[in-house]
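Below is one structure, written out as structure tokens, with a few remarks after it.
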Amino acid sequence: MEHHDIVIIGGGPAGLSTALALSQAGVKDIVVLEREAETGGIPRHCGHMGFAPYKNFGLMTGPNLARQLQDQTKHLDIRTATTALGFTLHGTLRVHSANGIIEISANKIILATGTRESSRAARLVGGNKLKGIMNTGELQQRVYLNGERPFKRPVIIGSEWVSYSTLLTCRHLQVKPVMMLTETSVNAAPSYFAYGARLLGTKVLQHAKLIAIHGKTTVEAIEIEQSGRIGMVDCDGVILTGRFRSEDALYSNGYLEHEDHAPKVTDSFKTSRPNIYAVGNVLGHLETAGRCMAQGRDLAKVLTP
Amino acid sequence: MLFPTIFGNLAIGPTAEETDERENASNDTASLDKLKATAIDMLPALKTVDVTAIYAGLRPATEQSDYIIKAHDDDNWITVAGIRSTGLTSSLGIAQHVAKLYAKHFGKLPKKPPAALWTPVANLAEHAIRPYMKGGEIICHCEWVTRSEIETAIQGPLPAGDLGGLKRRTRATMGRCQGFYCAAHVSAAFEKAKHGAS
């Protein structure tokens, strides 16, 4: 069986910066497992500015930050198109690779599997199954990786940071969203973003709930509720943003103790198992790429005192 | 009813509601909330588990609750209709009954029926070998669907015609992320496979 000092699952900002910092601290035997064809994680398809490696926000685009990370980690043992399928009962990893399924053991395993937005099903939004309903993640990949233009008059659901990232993606597409709709008053992101949205010509509707999505083959309208009143809004797409969920496939079966959709960790990133750590957005709070990278460097310090 | 599926998920449902709608299958939001609450009542640990997928379908029905199975001598016709949710259970029995009706009204059935068109359907569950286990390139990470499975789905006499068909054949994008990570890649792989096949 393959054995390594450190195995990192996930080659996004958190995983790569952990690997880089560990290697700079002199750790030799590090392997990064990345299920996608390339590393870089979610910033690869956030084609707008706002990214920075050493602080929360900066003037880099997501793909530029991803490329910088890829360049800095070129010399490391990074296995792309390689999926960690799960833990075995004796604490090793079952790993899918181009050669079939192999088992890998490690002195320390680091979960850096990141996060995703809640789906339409998880939000229990009724109505029809239609083309044109997607998360920001899917939209940005369709736009920035495939060059698609999935709709012309979408509605954006949510008012978290990512909702404004969606707004910028729409602007890149030269698409003007019909409105942004949020269940609370403008929440996770600062309120000046809402002014920004209005400046870009998008109405922001607060304290409104998406009830259902209607149409025949593509989206034709959404049904919303505001202060007990039901109304319909014409649109041709629905972008469901935010409500991030930790990518939990490796621990949700109870292998690691978890609560509120995230593994329980100590201040030093230790999970409920002694040789397993978790870092970055898998911890359940959505952080910027810069913050995830800082966490990776902190974890490397914990592991190389 | 709360039951495990062969894909390792738990399913809750179904409900049955009368509708005049003939084409449009739609999920009622209030019913979804009720179903989730019922599931949590039965198994409280589900409270912190997200719903992966929701779906609705239309069942054909007639004005009566019983099946309508009847031979019409003058029209060379056998009606088999109004088969409600017991259709799968009763399908073999119905087939035997229809064969008897045919023999009685229209003469002997041919001994050897014409060869059926078979569309190969890949194994989608974990109890048997799936392509990813042999090292295939995984495109959908939640359901571990490989590029070769997408290519296979558009071959044969009844190929998947669109992304909806592809999803039903392969389960691509049908897992917990519902396409957040993979939908764009699945679309691209589907288009590429179609070009390769044509």
Side-chain angles (χ1 to χ4, degrees), chain A residues 35-37 42 45 81-83 85 96-102 114-129 131 133-146 148 209-217 223 225 240 243 245 247-249 252 258-261, chain B residues 8 21 23-37 45 48-57 126 129-144 146-147 162-164 167 173-189 191-192:
Chain A
R35 65 189 190 177
E36 298 280 351
I42 287 192
H45 44 81
T82 303
T83 305
L85 300 170
H96 154 275
S97 73
N99 304 317
I101 293 176
I102 54 172
T115 186
R116 61 187 159 80
E117 294 161 293
S118 289
S119 70
R120 182 247 184 106
R123 296 166 198 240
L124 294 184
V125 174
N128 305 106
K129 290 223 169 160
K131 278 184 200 149
I133 305 170
M134 60 189 74
N135 288 132
T136 311
E138 178 178 345
L139 171 70
Q140 291 185 333
Q141 295 189 61
R142 288 193 180 279
V143 172
Y144 292 116
L145 302 182
N146 291 7
E148 295 174 42
K209 189 176 185 322
L210 173 65
I211 302 291
I213 307 172
H214 300 290
K216 284 210 170 66
T217 55
E223 188 178 332
E225 184 195 328
L240 299 158
R243 294 203 200 172
R245 284 287 192 253
E247 174 62 340
D248 61 1
S252 62
H258 58 97
E259 64 184 357
D260 296 334
H261 301 279
Chain B
E21 189 57 64
E23 289 178 354
N24 193 348
S26 171
N27 277 116
D28 173 51
T29 306
S31 302
L32 294 176
D33 289 337
K34 214 171 136 191
L35 275 173
K36 186 167 181 188
T48 56
V49 177
D50 279 338
V51 172
T52 300
I54 54 179
Y55 61 91
E126 300 296 311
I129 296 291
R130 289 188 54 201
Y132 82 85
M133 297 173 184
K134 302 278 186 195
E137 180 196 355
I138 294 176
I139 306 280
C140 161
H141 297 293
C142 297
E143 298 294 319
W144 298 332
T146 61
R147 187 179 293 281
D162 61 12
L163 278 174
K167 281 167 70 170
T173 75
M174 288 178 82
R176 61 191 179 278
C177 94
Q178 293 282 296
F180 173 92
Y181 290 115
C182 72
H185 293 294
V186 170
S187 285
E191 292 304 321
K192 194 175 166 195

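Below, chains carry the letters A, B, ... as their sequence lines are ordered, and counting in each starts from 1.
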Notebook entry, point to check: Do the side chain of A:Q141 and the main chain of B:F180 share a donor and acceptor less than 3.5 angstrom apart?
Noted result: yes
Next item on the list: Considering non-hydrogen atoms only, spot the tightest contact between A:E36 and B:Y181 and give its length.
Entry: OE2-O, 4.4 Å
Check: Quick one: of A:Q140, A:H45, A:R120, A:R245, who has the most non-hydrogen atom pairs under 4.5 Å with chain B?
Finding: A:R245
Next item on the list: Could you tell me which of B:E191, B:K36, B:E23, B:H141 has the largest number of non-hydrogen atom pairs under 4.5 Å with chain A?
Entry: B:H141
Item checked: Whether A:N135 side chain and A:G137 backbone form a donor-acceptor pair below 3.5 Å -> no
Notebook entry, point to check: Would a distance-only check, ignoring hydrogens and angles, find a side-chain to backbone donor-acceptor pair under 3.5 Å from A:H96 to A:R35?
Noted result: no
Next item on the list: Check each atom of A:L145 against the heavy atoms of chain B and say whether the ones under 4.5 Å are side chain, backbone, both or neither.
Entry: side chain
Checklist line | Most chain B-contacting option - heavy-atom pairs closer than 4.5 Å, from A:A249, A:A212, A:A37, A:S118 | finding: A:A249
Notebook entry, point to check: When heavy-atom pairs shorter than 4.5 Å are enumerated against chain B, which of A:T83, A:I102, A:L85 gives the highest number?
Noted result: A:L85
Next item on the list: Please answer whether the main-chain N or O of B:G179 pairs with a side-chain N or O of B:T173 as donor and acceptor at a distance below 3.5 Å.
Entry: no
Check: Who wins among B:A53, B:A188, B:G175, B:C177 for the most heavy-atom pairs under 4.5 Å with chain A?
Finding: B:C177
Checklist line | Most chain B-contacting option - heavy-atom pairs closer than 4.5 Å, from A:I213, A:L240, A:T115 | finding: A:T115
Next item on the list: Name the region of B:A25, side chain, backbone, both or neither, that has any atom closer than 4.5 Å to a heavy atom of chain A.
Entry: backbone
Margin query: If I measure from the heavy atoms of chain B, does A:R123 come under 4.5 Å with its side chain, its backbone, both, or neither?
Written below: neither
Margin query: Has B:Q178 got a side-chain atom pairing as donor or acceptor with B:T52's backbone, closer than 3.5 angstrom?
Written below: yes
Checklist line | Pairs of heavy atoms under 4.5 Å with chain B: top-ranked of A:R116, A:R142, A:E247 | finding: A:R116
Checklist line | Whether A:E117 side chain and A:T136 backbone form a donor-acceptor pair below 3.5 Å | finding: yes
Margin query: Between A:N146 and chain B, with a heavy-atom cut-off of 4.5 Å, which part of the residue counts as in contact: side chain, backbone, both or neither?
Written below: side chain
Next item on the list: State whether the side chain of B:N27 and the backbone N or O of B:Y55 hold a donor-acceptor pair below 3.5 Å, judged by distance alone.
Entry: yes
